[in-house]
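See structure below.
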Protein chains: 6
Amino acid sequence: MAASRIVVVNPNSNDEVTAGIDRALAPLRFADGPEIVCETLADGPIGIETQGDVEAVAPLLRQRVLAGDADAWVIACYSDPGLHACREATVTPVFGIAESGLLTALQRGERIGVVAILRRSIARHMRYLRALGISERVGGERPLELTVVELADEGRTWNRLVEVGRELREIDHADVLVLGCAGMARYRRRLEDRLGVAVVDPTQAAVGTALGVVVEAAADD
Amino acid sequence: MAASRIVVVNPNSNDEVTAGIDRALAPLRFADGPEIVCETLADGPIGIETQGDVEAVAPLLRQRVLAGDADAWVIACYSDPGLHACREATVTPVFGIAESGLLTALQRGERIGVVAILRRSIARHMRYLRALGISERVGGERPLELTVVELADEGRTWNRLVEVGRELREIDHADVLVLGCAGMARYRRRLEDRLGVAVVDPTQAAVGTALGVVVEAAADD
Amino acid sequence: MAASRIVVVNPNSNDEVTAGIDRALAPLRFADGPEIVCETLADGPIGIETQGDVEAVAPLLRQRVLAGDADAWVIACYSDPGLHACREATVTPVFGIAESGLLTALQRGERIGVVAILRRSIARHMRYLRALGISERVGGERPLELTVVELADEGRTWNRLVEVGRELREIDHADVLVLGCAGMARYRRRLEDRLGVAVVDPTQAAVGTALGVVVEAAADD
Amino acid sequence: MAASRIVVVNPNSNDEVTAGIDRALAPLRFADGPEIVCETLADGPIGIETQGDVEAVAPLLRQRVLAGDADAWVIACYSDPGLHACREATVTPVFGIAESGLLTALQRGERIGVVAILRRSIARHMRYLRALGISERVGGERPLELTVVELADEGRTWNRLVEVGRELREIDHADVLVLGCAGMARYRRRLEDRLGVAVVDPTQAAVGTALGVVVEAAADD
Amino acid sequence: MAASRIVVVNPNSNDEVTAGIDRALAPLRFADGPEIVCETLADGPIGIETQGDVEAVAPLLRQRVLAGDADAWVIACYSDPGLHACREATVTPVFGIAESGLLTALQRGERIGVVAILRRSIARHMRYLRALGISERVGGERPLELTVVELADEGRTWNRLVEVGRELREIDHADVLVLGCAGMARYRRRLEDRLGVAVVDPTQAAVGTALGVVVEAAADD
Amino acid sequence: MAASRIVVVNPNSNDEVTAGIDRALAPLRFADGPEIVCETLADGPIGIETQGDVEAVAPLLRQRVLAGDADAWVIACYSDPGLHACREATVTPVFGIAESGLLTALQRGERIGVVAILRRSIARHMRYLRALGISERVGGERPLELTVVELADEGRTWNRLVEVGRELREIDHADVLVLGCAGMARYRRRLEDRLGVAVVDPTQAAVGTALGVVVEAAADD
């Protein structure tokens with residue numbers, strides 16, 4: 001069992017984001033459990049904000065998966081870039097944090113609200129929700145509309161999270177929220193407490209799901 | 001972290017089934033991970049085969065959850081009896097193996113096929129798939145149509161699993177299967193190897209998902 | 001034909017509600033038509049407000065149906081508790097007032113608005129609408145948010161019905177309303193006149209539908 | 001109450017069909033109940049088999065409704081010709097037998113099978129099912145593919161009803177059937193007995209629903 | 001190729017509207033391309049505003065198509081009157097401007113907003129969107145609520161177009177608009193420039209689609 | 001008007017396919033109409049058969065669109081690679097042949113059947129149909145299952161087209177077919193004649209739609 005490895009790939013080249021993911025996943029590391037490795041994608045773009053960015057990074061992720069060795073892969077970007085290209089390239093299970101975060105949220109509430117970073121991502125996410133076949137369960141998606149620099153300001157980010165989360169709860173009638181970003185785990189619990197609805201961090205959700213699948217496989221060995 | 005407990009409740013009063021679930025979950029127990037406790041529901045019926053059985057056991061499950069102490073509950077019956085009554089009764093996350101198994105399967109294939117035990121359960125499951133909002137992703141559900149006594153015959157059960165799985169793959173175009181029962185984990189890997197499609201054991205899937213949510217909560221403490 | 005009996009069961013133990021249902025159904029009693037019997041469920045709870053209440057009462061309804069003698073059963077609670085458990089237990093047609101009220105409303109307008117009593121019932125009703133497969137035709141559901149004591153105040157209840165009905169018409173674009181409660185028939189016509197949209201009382205709708213099915217059966221004898 | 005009138009209009013000019021409808025509705029006539037009048041549409045076509053026929057008869061039905069006096073109208077043709085044109089022309093409730101038959105069937109089974117007369121009607125019915133918003137609940141529609149002359153042969157018609165009904169039950173997994181025609185009530189019960197699934201006659205269903213709505217209105221006077 | 005003819009039928013008897021359509025289609029006429037003929041339907045009603053109008057005009061359109069000679073027909077009224085009756089009557093392709101406009105809009109944006117002329121048309125359009133099977137892609141429809149006389153006032157019409165278009169963009173989150181009327185092509189470009197979203201004129205869209213199909217047929221001769 | 005240019009990009013590097021597309025589009029070229037330019041994508045892969053191929057070519061298409069000059073772009077590969085990445089990169093309309101072919105087919109029949117080249121593309125196409133929001137209108141997709149070499153054998157390809165088309169018509173009840181490939185226009189008319197259902201060539205459909213949009217834009221200048 002100790003040999004099992006879950007590799008979490010941050011597709012943008014921002015090591016700080018990778019470090020944040022690593023911290024958020026620490027509690028899922030057990031003495032005799034699967035190893036959880038977080039890495040930054042070599043040659044990944046600075047940020048993944050557009051459909052163009054998503055498609056540009058997909059072949060790099062596919063190569064990474066083909067070249068690598070893991071019992072499960074997690075793509076840690078809320079656009080799930082390259083998810084199906086990777087799945088097709090390997091029999092190893094591959095998880096995307098948007099897909100896992102949304103499907104976990106379906107188990108925590110009746111109606112999902114998604115906190116997006118940028119407004120221009122929303123149409124892309126809507127297409128994806130329809131492709132997943134779960135759009136009937138999503139009440140709405142609303143953007144923080146903050147730049148990367150602004151996101152570094154924790155107070156400002158927190159205020160927007162509360163504002164946007166309230167709109168999702170009050171206007172869109174969401175009773176569970178998904179943080180639409182790989183790097184926001186540190187706000188999850190506080191937001192849950194403030195707003196009184198479940199909040200899902202998609203990276204933790206995806207690694208949790210991967211953990212279940214990895215051990216499920218091991219169970220039969 | 002060592003204090004976390006996931007309680008898996010087998011709602012029928014069959015201790016043998018509970019023991020089988022316990023064995024299937026052994027690989028998810030880590031030295032420093034959440035405790036995973038499997039228990040038989042006191043006063044649960046012999047079997048849960050009808051809507052009447054499902055509704056009769058729901059209040060018992062709700063009482064169990066209200067009386068108990070856990071960081072996550074898993075209801076280990078493929079009809080997810082009492083799932084929403086339990087969720088409403090507690091802020092602790094509650095998982096149903098049908099819901100978790102199906103949502104995990106969405107991450108392993110494009111089109112789900114469900115192996116039911118009995119034909120008469122299928123209409124009930126169809127209503128549930130629509131309530132979940134994912135029926136568009138399910139290609140079909142087909143029954144083994146075996147009695148409890150016949151299910152005890154492993155050879156016979158295996159043959160039917162292969163037959164039914166093939167029909168789901170060939171006729172319903174499923175590329176991932178869910179075992180629609182709490183007690184079939186021991187066939188999972190073999191069936192996957194025989195049919196060449198992913199096969200999900202719903203109890204392992206639900207406990208895997210619960211594990212992720214429990215550690216997600218712990219991550220923020 | 002005179003021998004036909006439609007039994008309307010009020011699942012909560014409130015005889016006053018049963019008496020109100022009985023008055024609302026008086027015009028459906030014909031000299032040579034089916035007998036319409038309204039009864040209070042023995043051992044029913046005081047109120048049915050939660051999923052827990054719904055599931056607790058289901059086995060009692062199933063027993064009632066199994067023990068009884070009727071040509072059609074109507075379960076007179078807007079959560080349709082035990083509907084499928086009862087259907088499974090008998091070949092006699094069983095109707096639920098939520099299902100019948102909503103399907104009748106589809107024949108009176110393009111887009112349904114539901115007047116709920118309590119906000120916390122709405123998520124449960126949404127699951128049910130999806131299970132019915134008609135959520136695309138429902139514009140919204142909004143609560144009166146009145147307690148049982150407050151509901152006894154007719155003036156206050158009327159004012160809330162008008163307010164909530166207006167929101168359903170103006171904000172959710174509903175052109176037909178369903179009263180989401182067994183005991184509001186007396187407001188139906190007035191509300192229709194005030195708001196200028198059709199308003200459906202679900203108990204009258206269900207008994208009307210049952211009447212059609214009962215005589216349909218008799219037609220072939 | 002004795003003054004209430006339900007007018008059932010047979011839109012084709014075949015008086016024999018009207019007489020058959022009248023016989024099928026006899027059990028819904030009560031001494032002190034609403035009057036139920038069956039009439040043949042003046043100038044209606046011989047048969048209604050195409051979209052062209054449907055649209056040609058709609059203005060005639062609209063005129064009939066505008067000129068007439070009723071507490072409810074029933075359009076007794078399985079294509080529901082002119083249904084929305086009539087609804088728009090009057091505040092009096094108007095029912096279509098296809099809509100009513102299908103919505104009644106949703107209360108008798110999980111998955112509907114429709115017995116069509118002709119194959120070429122099926123695409124038209126599919127559009128209508130989508131417009132109703134209930135296509136998810138319909139397993140299939142299959143044609144008798146019999147001419148009017150052949151339909152007059154009861155033995156032949158019966159044999160086809162059993163064949164087609166079996167296909168709907170076995171291949172399309174329907175557990176409730178709707179007879180897709182105004183003139184087949186006399187086979188309903190026999191078919192139900194033969195196939196072991198509920199069978200809905202849409203004209204009886206529509207008049208039953210109308211009866212409920214008419215008395216519902218009267219209840220509040 | 002020069003022999004190909006696309007006949008655009010304005011189903012209302014307003015020659016001024018036909019002349020406007022003709023001007024809007026001028027750029028689609030090529031020296032060696034298909035002839036594009038615009039005509040007013042003989043005996044068509046003054047306006048088509050209700051379901052009754054729609055059904056009344058359908059048989060006239062069917063007769064026109066049966067009597068005529070064309071390589072493609074376009075019905076130039078946003079209710080697509082008689083579309084399926086015409087399709088059934090001929091093997092020649094028939095296009096409706098609502099259907100073509102909406103399906104073209106799906107290729108220009110993620111979420112459609114429809115500018116209706118009158119509020120009372122919206123329920124009819126909603127049924128039609130469901131029958132088309134694309135309602136999931138439509139964010140909303142909002143009316144100008146202007147009479148024919150008011151529509152003649154270009155300044156007033158323009159102001160309402162901007163107001164309603166803004167509501168569709170801001171409240172319903174539409175990123176592409178469809179002008180729900182045959183006679184508004186002259187505002188299309190200006191509205192696109194003002195609101196910053198694509199705007200589709202449905203008559204141009206339908207004739208464009210017809211052009212493609214006509215030449216597609218010619219390509220294989 | 002003569003200045004308008006529609007650029008059709010074949011994303012695979014096979015010049016023979018581009019030449020075939022060019023021939024199929026000849027009838028859409030008018031003396032005074034938009035120029036239609038067919039080109040092979042520089043550095044495109046040999047074939048596009050997997051999700052990996054689709055994502056690898058997307059950035060190249062995006063660069064092409066950014067670098068180029070056109071009034072409309074058409075991506076001539078049935079997987080619509082890079083469609084949304086290109087749309088996001090330019091205000092110029094961009095069309096994908098799968099999307100255009102399917103939406104044109106919705107205007108020619110009730111239920112679409114798609115002829116795929118390879119079985120392994122079908123799951124990818126199913127995701128895409130859901131993302132488009134039109135999966136309810138698609139009866140099925142079936143593969144020719146021919147290699148590129150086998151596709152060069154016209155007799156063999158024709159036989160498979162007829163076989164697969166018949167299955168789509170008989171088993172999946174399709175009444176309009178879409179050729180799921182850029183290079184099959186030469187079989188379109190013959191297949192239509194043989195099977196008696198409309199057959200859509202997606203490249204011709206997309207260029208037809210583009211033509212309409214380009215002239216629509218010109219109409220307002």
Side-chain angles (χ1 to χ4, degrees), chain A residues 1 4 23-34 83-84 87 91 93-96 99-100 102-104 106-110 130 132-138 185-190 192-193 198 200-201 203-221, chain B residues 1 4 23-34 83-84 87 91 93-96 99-100 102-104 106-110 130 132-138 185-190 192-193 198 200-201 203-221:
Chain A
M1 192 64 210
S4 291
R23 276 192 302 275
L25 298 176
L28 292 102
R29 291 194 179 98
F30 304 111
D32 51 348
L83 180 60
H84 289 287
R87 281 184 178 158
V91 296
V94 186
F95 298 91
E99 189 181 68
S100 281
L102 289 160
L103 297 179
T104 297
L106 289 183
Q107 301 177 61
R108 306 300 309 282
E110 160 60 23
R130 284 198 306 273
L132 277 173
I134 60 163
S135 51
E136 201 179 1
R137 295 287 298 276
V138 178
R186 67 186 176 283
Y187 302 105
R188 195 193 69 78
R189 170 66 65 91
R190 273 171 73 195
E192 203 166 88
D193 292 343
V200 173
D201 174 69
T203 310
Q204 292 175 328
V207 177
T209 305
L211 199 58
V213 170
V214 163
V215 291
E216 188 183 21
D220 304 309
D221 287 337
Chain B
M1 192 64 213
S4 290
R23 276 191 302 275
L25 298 177
L28 293 102
R29 292 195 177 95
F30 303 112
D32 51 349
L83 180 59
H84 290 287
R87 280 184 179 158
V91 296
V94 186
F95 298 92
E99 188 181 68
S100 281
L102 290 160
L103 298 179
T104 297
L106 290 183
Q107 302 178 61
R108 304 302 308 281
E110 159 60 23
R130 284 199 305 275
L132 276 174
I134 61 164
S135 51
E136 203 179 0
R137 295 287 298 276
V138 178
R186 67 186 176 283
Y187 301 106
R188 194 192 71 77
R189 171 64 66 92
R190 275 171 72 195
E192 203 166 87
D193 291 343
V200 173
D201 174 70
T203 311
Q204 291 175 329
V207 177
T209 306
L211 200 57
V213 170
V214 162
V215 293
E216 189 183 21
D220 304 308
D221 288 338

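Every chain is numbered from 1, with letters handed out A, B, ... down the list of sequences.
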**Item:** Exam field: side chain B:R137 to backbone A:L132, donor-acceptor pair closer than 3.5 Å
**Value:** yes
**Prompt:** With sequence neighbours excluded, what pairs up with B:R29 under the side-chain hydrogen bond (donor to acceptor under 3.5 Å, both in side chains) test?
**Reply:** B:D22
**Request:** Kindly write out the residues that satisfy side-chain hydrogen bond (donor to acceptor under 3.5 Å, both in side chains) with B:T203, not counting sequence neighbours, or none if the list is empty.
**Result:** none
**Prompt:** Is it the side chain or the backbone of B:R190 that comes within 4.5 Å of chain A heavy atoms, both, or neither?
**Reply:** neither
**Asked** Looking at CG of B:L106 and CG of A:L102, how far apart are the two atoms once the value is rounded to the nearest 0.5 Å?
**Response** 11.5 Å
**Fill in**
Here the pair of heavy atoms bringing B:E99 nearest to A:Q107 is OE1-CG, 3.4 Å
**Message:** Just verifying a value: how many Å separate A:R87 CZ and B:E110 CD, rounded to the nearest 0.5 Å?
**Reply:** 10.5 Å
**Asked** If you measure from CG on A:L28 to CZ on B:F30, what distance do you get to the nearest 0.5 Å?
**Response** 9.5 Å
**Request:** Identify which part of A:S100 has an atom lying under 4.5 Å from any heavy atom of chain B, answering side chain, backbone, both or neither.
**Result:** both
**Prompt:** Of the listed residues (B:A26, B:P93, B:A210), which shares the most heavy-atom pairs with chain A below a 4.5 Å separation?
**Reply:** B:P93
**Prompt:** Can you name the closest pair of heavy atoms from B:G133 and A:E136 and give their distance?
**Reply:** CA-OE1, 4.2 Å
